[in-house]
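Owing to the predicted nature of the structure, the values given are computational and were not obtained by experimental measurement. Positions are given from 1, in the same order as the sequence printed here.
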Amino acid sequence: MKIIVRDVPPRPTWALEQAGIHPLLARLYAARGVRSHEELDDALARLLPPATLLGVDKAARLLADAMASAQPICIVADYDCDGATACAVALRGLRLLGARDVRYLVPDRVVDGYGLTGAIAERVAAQGAKLLVTVDNGIASVEGVRRAQELGLQVLITDHHLPGGELPAAEAIVNPNQPGCPFASKAMAGVGVMFYVLLQLRAELRARGHFDTQTQPRLEPLLPLVALGTVADVVRLDANNRRLVAQGLKRIRAAQQPAGMAALFQVAGRRFDSASTFDLGFTLGPRINAAGRLADMTLGIECLLTDDAARAAALARELDSINRTRRDLEGTMREQAQQLAQRLCAAHTSAPAAISLFDADFHEGVVGIVASRIKEQLHRPTFVFAASTAPGKEHELKGSGRSIAGFHLRDALDLLAKRHPGLLLRFGGHAMAAGCTIAQEHFPLFAQALNEIAQAGLDAATLTRRLETDGPLAPQYLRADLVDMLAREVWGQGFAPPTFSDEVQVQSQRLVGEEKNHLQLKLLHQGQPVDAIWFGRTEPLPAQALLAFRLDVNEWRGQRRVQFLVEAMQD
């Protein structure tokens, strides 16, 4: 592990301080590329204009025409948190704007697989819908769109994933990553794309005389859902995404979120009046995702759609229970995967450049989480496969991959498909996360081919685990109120939460927790005693160490004291 300190450009830091930003925040923002106070303005008026999204005007006309003729509209969602929130935003938003017949359909992860398939199109048509709208999927569904149109459906695709070589011939496509789209934020999540479509639809309905700027429905109540899906999908928090998330958090803290979100905060034992991006990404997001992984994402969507507090509470409890099962399953699978990875590494002089794992007992709903854990442990691009349980597909393996900085996972799969035609039955994804389906007999070939691509594309520097930090923290900043201040800001992917690093003296250390798998520390940091904990660490530390740590507040008997959450130690 190599701990790196981010550069802090002095001019932007000074400019931010002069604009009234707290000196600690000014330093953190400048290190993350913020150059002026205006970039931190999270007002809705500063959002990128919807009209710059390619295809959004056509999408708005398509929806407005369907609403004008009272045509049934069906939303086809994805089965993760981004898809669930995008579906809830679509239904709530369309109903706010006057749509009378809107329903949804969410594919089953096991039976249907990902995206708009021909079978899904047939089920939508059988429901009597006339306009099919995808959220968080569809950009690669060439055959699914074709089948939908054969059945007399019009198709609107809203997505954010990278397109393949052929775009589907839908009536309208809204995706900031489609060729020719000038929209400045390429990192928007699927829920953000759908929110923007609604903004443009409202403008279209204004132009048609349905209402004016004074009487138009307010779409701001949808922003808590937009914030949740954006953070949970781990998209890069560029300036536009940070504004969307900040606006959502403001409303959550003011108790203006849907009943289901409030219920999820309650079952998780978290306070919504101090909600943070951590809560969205690690508390609410996993509970919604658990439904799509192990049960039916309809549970998650219904939780986000209901306005009945009692029903929301019941659904939240069910989601919490499913998430507990998911955690248990993940723990068992992670141990199995770690053993497989150890054997794989033992068979080589060093860890392979890419890790591919399969076990017949793996559950396909959890392979992505396990791949992420192995990737973090070994710092290698990692794919974990499980046998498909879909009827007639028992010979197939479904894999989910996670990558490291400097290795574009979807591009690697694209290259693999070109080198070995027919090996990948289906694939897609992003730079850091991707998925694919292969025949079980081809797993050894896949593992070998991905490793060869990784060996050619990764150098020693990329394969060295590096952790960027914000360097030493002055003792005067070890205050609970400043930790609270940092927690209120919008941090996430591409705008990393504050992590500091410094040489410390280790005064005492002991293992704690039911399984004695956490290291509790008493440190001397710049002459001041500080409590610290390193979750998941069992090996003792030397008397002096360079540690990377985040800040937390430990509350005990009414007292609030700052403690360090240790992330890493310089080797």
Side-chain angles (χ1 to χ4, degrees), residues 1-4 80 232-236 281-282 285-286 289 293 326-327 329-348 350-359 362-386 397-413 415-416 427-436 438 443 446-468 492-494 496-497 499 535-537 548 567-568 571:
M1 168 63 74
K2 187 172 181 59
I3 293 176
I4 308 295
D80 66 358
D233 212 45
V234 202
V235 294
R236 184 169 60 85
F282 294 95
N289 274 326
R293 295 184 187 281
R326 186 272 306 167
R327 283 202 300 257
L329 178 61
E330 177 200 335
T332 303
M333 271 182 59
R334 186 173 66 245
E335 290 180 8
Q336 292 175 277
Q338 287 170 341
Q339 292 172 6
L340 287 174
Q342 287 169 1
R343 289 201 291 269
L344 185 64
C345 293
H348 297 73
S350 61
I355 306 291
S356 299
L357 305 174
F358 163 65
D359 188 279
F362 284 173
H363 190 291
E364 64 182 273
V366 192
V367 287
I369 303 175
V370 174
S372 180
R373 300 290 186 263
I374 301 299
K375 181 266 297 186
E376 291 167 3
Q377 181 184 358
L378 297 178
H379 193 64
R380 295 291 191 274
T382 300
F383 256 92
V384 177
F385 287 86
L397 300 184
K398 291 185 177 180
S400 188
R402 299 294 183 269
S403 195
I404 60 176
F407 189 74
H408 197 297
L409 205 54
R410 188 199 173 280
D411 285 356
L413 290 180
L415 179 58
L416 190 153
F427 74 94
H430 302 289
M432 303 300 288
C436 67
I438 63 174
F443 172 75
F446 174 91
Q448 176 187 339
L450 184 65
N451 189 51
E452 289 172 354
I453 292 170
Q455 282 179 330
L458 294 170
D459 55 21
T462 309
L463 289 172
T464 300
R465 192 192 307 269
R466 297 157 60 94
L467 178 62
E468 281 194 322
Q493 182 70 22
T499 301
F535 291 110
R537 171 87 181 197
E567 297 279 298
D571 293 334

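With a 4.5 Å cut-off on side-chain heavy atoms, Pro381 and Leu450 do not count as touching. Leu340 is listed as a side-chain neighbour of Phe362, based on a closest heavy-atom distance under 4.5 Å. At a threshold of 4.5 Å between non-hydrogen side-chain atoms, the residues Ile369 and Arg293 count as touching. At a threshold of 4.5 Å between non-hydrogen side-chain atoms, the residues Ile438 and Phe427 do not count as touching. Put simply, the side chain of Gln493 does not reach to within 4.5 Å of the side chain of Val235, judged on heavy atoms. In this structure, Thr382 and Arg402 have side chains that are not in contact, with every pair of non-hydrogen atoms separated by 4.5 Å or more.
In plain terms, the two heavy atoms of Gly435 and Leu413 that are nearest each other are O-CD1, 3.8 Å. Minimum interatomic distance between Arg236 and Gly494 (heavy atoms only, all atoms of both residues): CG-CA, 3.9 Å. Looking at every heavy atom in both residues, Ser356 comes nearest to Leu344 through O-CD2, 4.3 Å. Closest heavy-atom contact between Ala337 and Val370: CB-CG1, 3.6 Å. Looking at every heavy atom in both residues, Thr462 comes nearest to His379 through O-NE2, 3.1 Å. For Gln377 against Arg465, the heavy-atom pair with the smallest separation is O-NH2, 2.6 Å.
Lys375 NZ to Leu378 CG: the interatomic distance, rounded to the nearest 0.5 Å, is 11.5 Å. Interatomic distance, NZ of Lys2 versus CD of Glu468, reported as 12.5 Å (0.5 Å rounding). Atom CZ of Arg334 and atom OG of Ser372 lie 10.5 Å apart (nearest 0.5 Å). Within the model, atoms CD1 of Ile374 and CD1 of Ile355 stand 8.5 Å from one another, a figure rounded to the nearest 0.5 Å.
The backbone N or O of Ile404 sits nowhere less than 3.5 Å from a side-chain atom of Arg380 that would complete a donor-acceptor pair. Checked by atom type and distance alone, the side chain of Asn451 pairs as donor or acceptor with a backbone atom of Ala353 at under 3.5 Å.
Legend: residues meeting ring pair (Phe, Tyr, Trp, His ring centres under 6.0 Å) with Phe446, ordered by chain and number and at least two apart, are Phe383, Phe385.
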For side-chain contact (heavy atoms from CB on, under 4.5 Å), just list the numbers for Lys398 and Val367, CA-CA rounded to whole Å, side-chain angles, deciding distance to a tenth of an Å, and then say yes or no.
CA-CA 9 Å; Lys398 291 185 177 180; Val367 287; over 6 Å; no

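In this structure, Arg466 places its CZ atom where only 12 or fewer heavy-atom neighbours from other residues, nucleotides or ligands lie under 6.0 Å away.
The closest side-chain donor-acceptor pair between Glu452 and Gln448 falls under 3.5 angstrom.
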